[in-house]
Trainee: 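Here it is, the structure in full.
Keep in mind the model is a prediction, meaning the values are calculated, not measured. Just so it is clear: chains get the letters A, B, ... in the order the sequence lines come, proteins before strands, and each one is counted from 1. Atoms considered below: every heavy atom in the structure, side chains included; atoms not considered: hydrogens, waters and symmetry mates.
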Amino acid sequence: MRIVTWNINSVRLRLPLVLRLLQEMQPDVLCLQETKALVDVFPTGPLAEAGWSHQLVAGMKGYNGVAILSRLPIEETVSREFCGRTDARHVAARIDGGPEVHNFYVPAGGDVPDPAVNDKFAHKLDFLAEMTQWLGTERSPDHPMILVGDLNIAPLETDVWSHKQLLNVVSHTPVEVEALDKVQASAGWIDAVRKIVPPEERLYSWWSYRAKDWSAADKGRRLDHVWVTPPLDGGIRHAEVIRDARGWEKASDHAPVVVDLDL
DNA sequence: ATGGCAGGTTATACCTGA
C-alpha cells in the first residue's frame with residue numbers, strides 16, 4: 001500500500017498539481033491538509049475521474065480542511081472535533097480490508113512560543129494533549145493504524161536547517177517536541193519515515209515562500225509526518241519526501257511525503 | 001537573515017500560515 005500526505009495550501013488553486021502527483025506517484029491513499037474549501041466546493045468530480053473516487057472530506061470556509069482520497073472503498077469514517085472547535089482538522093477512515101487512516105492538521109501555533117500570552121500556541125498545546133488523550137483511550141496499539149498529516153512540529157535536530165537558531169521558534173521548541181513525543185507514545189506510534197531515512201540525515205518537508213531561492217537556501221523543516229502502529233512496523237518498505245514538487249509551478253510550501261507499506 | 005511571500009475573504013485591507 002502506498003500512502004501520501006500533502007499540505008496542499010488550497011486544493012482548488014492547486015488541483016492540477018494534485019492530479020499530477022496522483023498520476024506520477026499512483027498512491028492508494030492521498031491525505032490532504034489545508035484544502036481551504038467547504039465540502040460543497042471540494043473538487044470531488046475531477047479527483048474521482050482520475051481514479052480516487054472514495055473520498056472523505058471535512059472543510060470550512062477559508063481555513064484548514066482535510067481530506068482522504070482512496071482508490072479502495074473506505075468505511076467507518078469519523079471526523080473528530082478537537083478543543084471544542086468545528087475547524088476541520090481531522091478525518092479518519094478504515095480502508096476496506098486494510099488499516100485505519102488518521103489525517104491531522106495540527107494548529108500552527110502563531111509566533112510567540114508562550115501559551116500565557118499567545119492563544120494560538122495554547123491552542124496548539126491543547127490540541128496535542130487532546131490527541132494524546134483520545135488516541136490513548138480510544139485506540140489500541142494492537143490495531144493496524146496509520147497517522148499522517150501536517151503536525152506542524154519538527155521534532156529532531158536533523159528535522160530543521162538549524163537546531164540552535166530554531167530552538168525558540170514555534171515548530172521546534174522543546175515544549176512542542178515533548179508534547180509530540182507524548183502523542184507518539186499514546187498508541188505506540190512509529191515514525192515510518194525515520195525508519196527509512198536515518199535520523200542522522202537532514203530531511204525537510206516544508207520551505208518558506210519568503211526565501212528568494214528556497215532550494216539554494218534550503219532552510220526547511222520536517223513538519224509533515226507518517227506514523228504507523230506496531231502491527232505495521234515490519235512492513236515499512238520505502239519512504240521519501242517528493243522535494244521536486246516544491247519546485248513545481250505555483251507550488252505549495254509543503255512537499256508530499258510518500259510511504260510504501262506491506263500490509 | 002527570518003520574513004523578504006502566498007491564499008482566502010461578503011476583498012480592494014486583514015487574517016492566517018510557520
Side-chain angles (χ1 to χ4, degrees), chain A residues 5-18 32-43 57-67 82-83 85-90 103-115 117-128 149-177 179-180 202-225 241 243 245-257:
Chain A
T5 181
W6 196 8
N7 178 319
I8 194 62
N9 187 15
S10 174
V11 69
R12 285 173 291 173
L13 189 71
R14 282 183 244 289
L15 177 61
L17 278 65
V18 177
L32 298 172
Q33 303 87 33
E34 277 205 273
T35 53
K36 296 185 176 178
L38 279 165
V39 173
D40 47 354
V41 294
F42 188 89
V57 180
M60 61 185 290
K61 193 187 276 276
Y63 303 110
N64 310 334
V66 289
F82 287 82
C83 303
R85 305 187 191 200
T86 312
D87 56 358
R89 292 181 178 276
H90 169 262
N103 180 13
F104 280 97
Y105 176 51
V106 172
D111 283 327
V112 182
D114 180 355
V117 298
N118 174 6
D119 291 343
K120 292 179 190 175
F121 196 72
H123 179 215
K124 184 177 196 174
L125 296 180
D126 289 347
F127 192 99
L128 293 163
D150 177 1
L151 305 184
N152 266 319
I153 297 172
L156 306 181
E157 295 192 12
T158 50
D159 290 338
V160 292
W161 64 274
S162 168
H163 171 61
K164 265 191 180 172
Q165 290 180 75
L166 291 179
L167 258 176
N168 203 33
V169 172
V170 173
S171 73
H172 191 61
T173 63
V175 62
E176 289 169 87
V177 173
L180 190 69
R202 288 193 185 280
L203 187 67
Y204 315 137
S205 65
W206 172 86
W207 294 262
S208 170
Y209 280 126
R210 300 191 188 206
K212 269 201 186 72
D213 184 336
W214 69 273
S215 189
D218 203 22
K219 292 184 172 178
R221 308 177 198 173
R222 188 173 71 106
L223 305 177
D224 304 275
H225 300 270
V241 172
R243 183 181 169 116
R246 180 62 180 81
W248 291 353
E249 191 78 20
K250 291 287 281 177
S252 168
D253 46 355
H254 293 254
V257 182

Trainee: At a heavy-atom distance below 4.0 Å, which nucleotide of DNA chain B is the first touched by chain A, and which is the last?
Mentor: B:dT2 to B:dA18
Trainee: Select base, sugar-phosphate, or nothing to describe what A:Phe121 touches, counting heavy atoms under 4.0 Å on all strands.
Mentor: nothing
Trainee: Contact class for A:Lys212 vs. all strands (heavy atom < 4.0 Å): base, sugar-phosphate, or nothing?
Mentor: base
Trainee: On a whole-Å scale, what distance lies between the C1' atoms belonging to B:dG17 and B:dG4?
Mentor: 16 Å
Trainee: Using the P atoms only, state how far B:dA18 lies from B:dG8, rounded to an integer number of Å.
Mentor: 14 Å
Trainee: For residues A:Trp214 and A:Tyr209, determine if any side-chain heavy atom of one lies less than 4.5 Å from a side-chain heavy atom of the other.
Mentor: no
Trainee: Starting from the 5' end of DNA chain B, give me the residue, A:His254 or A:Ala211, whose nearest nucleotide shows up first.
Mentor: A:Ala211
Trainee: How close do A:His123 and A:Asp87 get, counting heavy atoms only, and between which atoms?
Mentor: CE1-OD2, 4.0 Å
Trainee: Counting any heavy atom closer than 4.0 Å, what does A:Asn7 reach on the DNA or RNA strands: base, sugar-phosphate only, or nothing?
Mentor: sugar-phosphate
Trainee: Need one value for A:Asn64: base, sugar-phosphate or nothing, where a base atom within 4.0 Å counts as base even if backbone is also close, heavy atoms only.
Mentor: nothing
Trainee: Output every pair passing salt bridge (charged side-chain N to carboxylate O under 4.0 Å, His left out) with a member in residues 203-224 of chain A, not counting sequence neighbours, ordered by first then second residue.
Mentor: A:Asp159-A:Arg222, A:Asp191-A:Arg222, A:Asp218-A:Arg243
Trainee: Quote, to the nearest angstrom, the P distance that separates B:dA1 from B:dT16.
Mentor: 28 Å
Trainee: P atom, B:dC5 versus B:dT10: distance in rounded Å?
Mentor: 25 Å
Trainee: Would you please name every residue forming a salt bridge (Lys or Arg N to Asp or Glu O under 4.0 Å) with A:Arg202, sequence neighbours left out?
Mentor: none
Trainee: Hey, does A:Lys250 reach any base, or is it just sugar-phosphate, or nothing, if we go heavy atoms under 4.0 Å?
Mentor: sugar-phosphate
Trainee: What is the nucleic acid contact for A:Asp253, judged by heavy atoms within less than 4.0 Å: base, sugar-phosphate only, or nothing?
Mentor: nothing
Trainee: Considering only heavy atoms, which members of residues 157-177 of chain A lie under 4.0 Å from some atom of DNA chain B?
Mentor: A:Trp161, A:Gln165, A:Ser171
Trainee: According to the salt bridge (charged side-chain N to carboxylate O under 4.0 Å, His left out) rule, which pairs have a member within residues 160-177 of chain A, sequence neighbours left out?
Mentor: A:Lys124-A:Glu176
Trainee: For the ring pair A:His90 and A:Tyr105, is the centre-to-centre distance below 6.0 Å?
Mentor: no
Trainee: Looking only at heavy atoms, which two atoms of A:Ala154 and A:Val160 are closest? And how far apart?
Mentor: CB-CG1, 3.6 Å
Trainee: Between A:Asn152 and A:Thr35, which is nearer to the 5' end of DNA chain B once each is assigned its nearest nucleotide?
Mentor: A:Thr35
Trainee: So, for A:Ser252 and A:Ile8, which heavy atoms are closest and what is the spacing to 0.1 Å?
Mentor: CB-O, 3.6 Å
Trainee: Does anything in residues 246-257 of chain A pair up under salt bridge (charged side-chain N to carboxylate O under 4.0 Å, His left out), and if so which pairs, sequence neighbours excluded?
Mentor: none
